[in-house]
Asks: 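To start, I am sharing the structure in question, which I have written as structure tokens.
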Amino acid sequence: EDQVTQSPEALRLQEGESSSLNCSYTVSGLRGLFWYRQDPGKGPEFLFTLYSAGEEKEKERLKATLTKKESFLHITAPKPEDSATYLCAVQANTGFQKLVFGTGTRLLVSP
Amino acid sequence: NAGVTQTPKFQVLKTGQSMTLQCAQDMNHEYMSWYRQDPGMGLRLIHYSVGAGITDQGEVPNGYNVSRSTTEDFPLRLLSAAPSQTSVYFCASSLHPSETPDFGPGTRLLVL
């Protein structure tokens, strides 16, 4: 059974304090791993898709990396506007219509 | 493009009542899906469609019906609401099932 585990559940950072969010996964053949950002009361907003181990993608203060067992979302010098819940999801090669989501990491960045 | 739109934003139902959650997209996406999000759990797939006239069940389909008569619309029907269906419902769409889905703003449903 495909499974995604995210850690920590919640993370509190000071503005400028860099850190990483973890997404561990088991999947029967990875087609893609997705990172989304979700603000309170809103739908998930797409950030990155990673397809193979060793791949990295960056967007502003965010950088996503992928290994065969986990993905990291690195946040460099975060700002209060980066506060949100970050969701990780995997898509398998078979039954690729379905995304399997983790429970997310709630990030709070204090000024 | 308006993207993925959902109505209503919020709804309160009594147990046993029926309702339809609306989802529409104007991007000519073939693939559409419905997820529910509950506290402490990841988003879970309810039903999906790979094109007009084609639907299939996801991980948690019980208590929900769907149909896809047009490319643009994918309504989710609750025939007899139960308190266990209290949740936030998200519709998503993509051009192809293998592509990254775009999510709508969600419908918050409370069943009393």
Side-chain angles (χ1 to χ4, degrees), chain A residues 1-10 21-27 29-52 55 57 59 64 66 71 84-106, chain B residues 2-10 21 23 25 27 29-51 54-61 66 68 74 87-109:
Chain A
E1 182 180 336
D2 302 335
Q3 196 167 4
V4 175
T5 302
Q6 292 188 247
S7 62
E9 288 187 14
L21 282 54
N22 178 263
C23 171
S24 298
Y25 66 91
T26 55
V27 64
L30 180 70
R31 186 177 186 90
L33 184 141
F34 305 87
W35 283 99
Y36 285 86
R37 169 190 171 129
Q38 187 175 26
D39 294 303
K42 302 285 184 65
E45 176 186 344
F46 170 71
L47 292 174
F48 304 107
T49 306
L50 302 168
Y51 294 101
S52 58
E55 189 174 1
K57 289 193 176 175
K59 179 181 180 180
L66 180 65
S71 176
T85 295
Y86 291 86
L87 304 175
C88 174
V90 296
Q91 186 179 53
N93 278 327
T94 57
F96 56 80
Q97 295 86 352
K98 168 186 172 183
L99 295 188
V100 176
F101 280 85
T103 54
T105 293
R106 296 189 311 278
Chain B
V4 180
T5 59
Q6 293 184 239
T7 56
K9 290 184 179 180
F10 180 69
L21 281 64
C23 173
Q25 51 85 16
M27 299 171 283
H29 284 176
E30 289 296 318
Y31 179 67
M32 297 184 74
S33 55
W34 278 101
Y35 287 83
R36 60 178 288 173
Q37 186 175 38
D38 301 294
M41 304 187 75
L43 282 91
R44 292 179 293 168
L45 182 65
I46 305 171
H47 285 285
Y48 64 92
S49 169
V50 297
I54 306 170
T55 64
D56 206 346
Q57 297 181 351
E59 181 184 356
V60 288
V66 292
R68 183 97 179 267
F74 190 43
S87 187
V88 182
Y89 292 85
F90 291 100
C91 179
S93 75
S94 62
L95 190 60
H96 185 271
S98 64
E99 295 189 1
T100 306
D102 297 316
F103 282 83
T107 293
R108 187 174 298 272
L109 177 66

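Below, chains carry the letters A, B, ... as their sequence lines are ordered, and counting in each starts from 1. Only heavy atoms go into these numbers, but all of them, side chains included; no hydrogens, no water, no symmetry mates. For clarity, every value in this text was computed on a predicted model and none was experimentally measured.
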Asks: Answer with side chain, backbone, both or neither: which region of B:P101 has an atom nearer than 4.5 Å to a non-hydrogen atom of chain A?
Replies: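 Both backbone and side chain of B:P101 come within 4.5 Å of chain A.
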Asks: Tell me every residue that passes side-chain contact (heavy atoms from CB on, under 4.5 Å) with A:T26, counting only those two or more places apart in sequence or in another chain.
Replies: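 Listed in chain order: A:Q3.
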Asks: Write down the atom of B:F90, the atom of A:Q38, and the distance for their closest heavy-atom approach.
Replies: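 Taking B:F90 first and A:Q38 second, the nearest heavy atoms are CZ-NE2, 3.4 Å.
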Asks: How far apart are the closest heavy atoms of A:Q91 and B:S98, and which atoms are they?
Replies: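 Minimum heavy-atom separation between A:Q91 and B:S98: OE1-O, 3.4 Å.
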Asks: Looking only at heavy atoms, what is the nearest atom pair of A:T103 and B:G42, with distance?
Replies: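 Where A:T103 meets B:G42 most closely, the heavy atoms are CG2-N, 3.6 Å.
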Asks: Should we say atom CZ of B:R44 is surrounded by more than 12 heavy atoms from elsewhere, each under 6.0 Å from it?
Replies: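 Yes.
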Asks: Could you look at B:E59 and say if it's the side chain, the backbone, both or neither that has a heavy atom under 4.5 Å from chain A?
Replies: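 Just the side chain, heavy atoms under 4.5 Å.
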Asks: Check whether B:L45 gets within reach of chain A through its side chain, its backbone, both or neither, counting any heavy atom under 4.5 Å.
Replies: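 When you check distances to chain A, only side chain atoms of B:L45 fall under 4.5 Å.
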Asks: Measure distances from B:T100 to the heavy atoms of chain A and classify the residue's part below 4.5 Å as side chain, backbone, both or neither.
Replies: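 The answer is both parts of B:T100.
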Asks: If you take all heavy atoms of B:Y35 and A:L99, which pair is closest and at what distance?
Replies: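 Looks like OH-N, 3.2 Å.
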Asks: Roughly how far, to the nearest 0.5 Å, is CZ of B:F103 from OH of A:Y36?
Replies: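 So the gap between those two atoms works out to 4.5 Å.
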Asks: With sequence neighbours excluded, tell me which residues meet side-chain contact (heavy atoms from CB on, under 4.5 Å) with B:I54.
Replies: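 Per chain and number, B:I54 pairs via side-chain contact (heavy atoms from CB on, under 4.5 Å) with B:V50.
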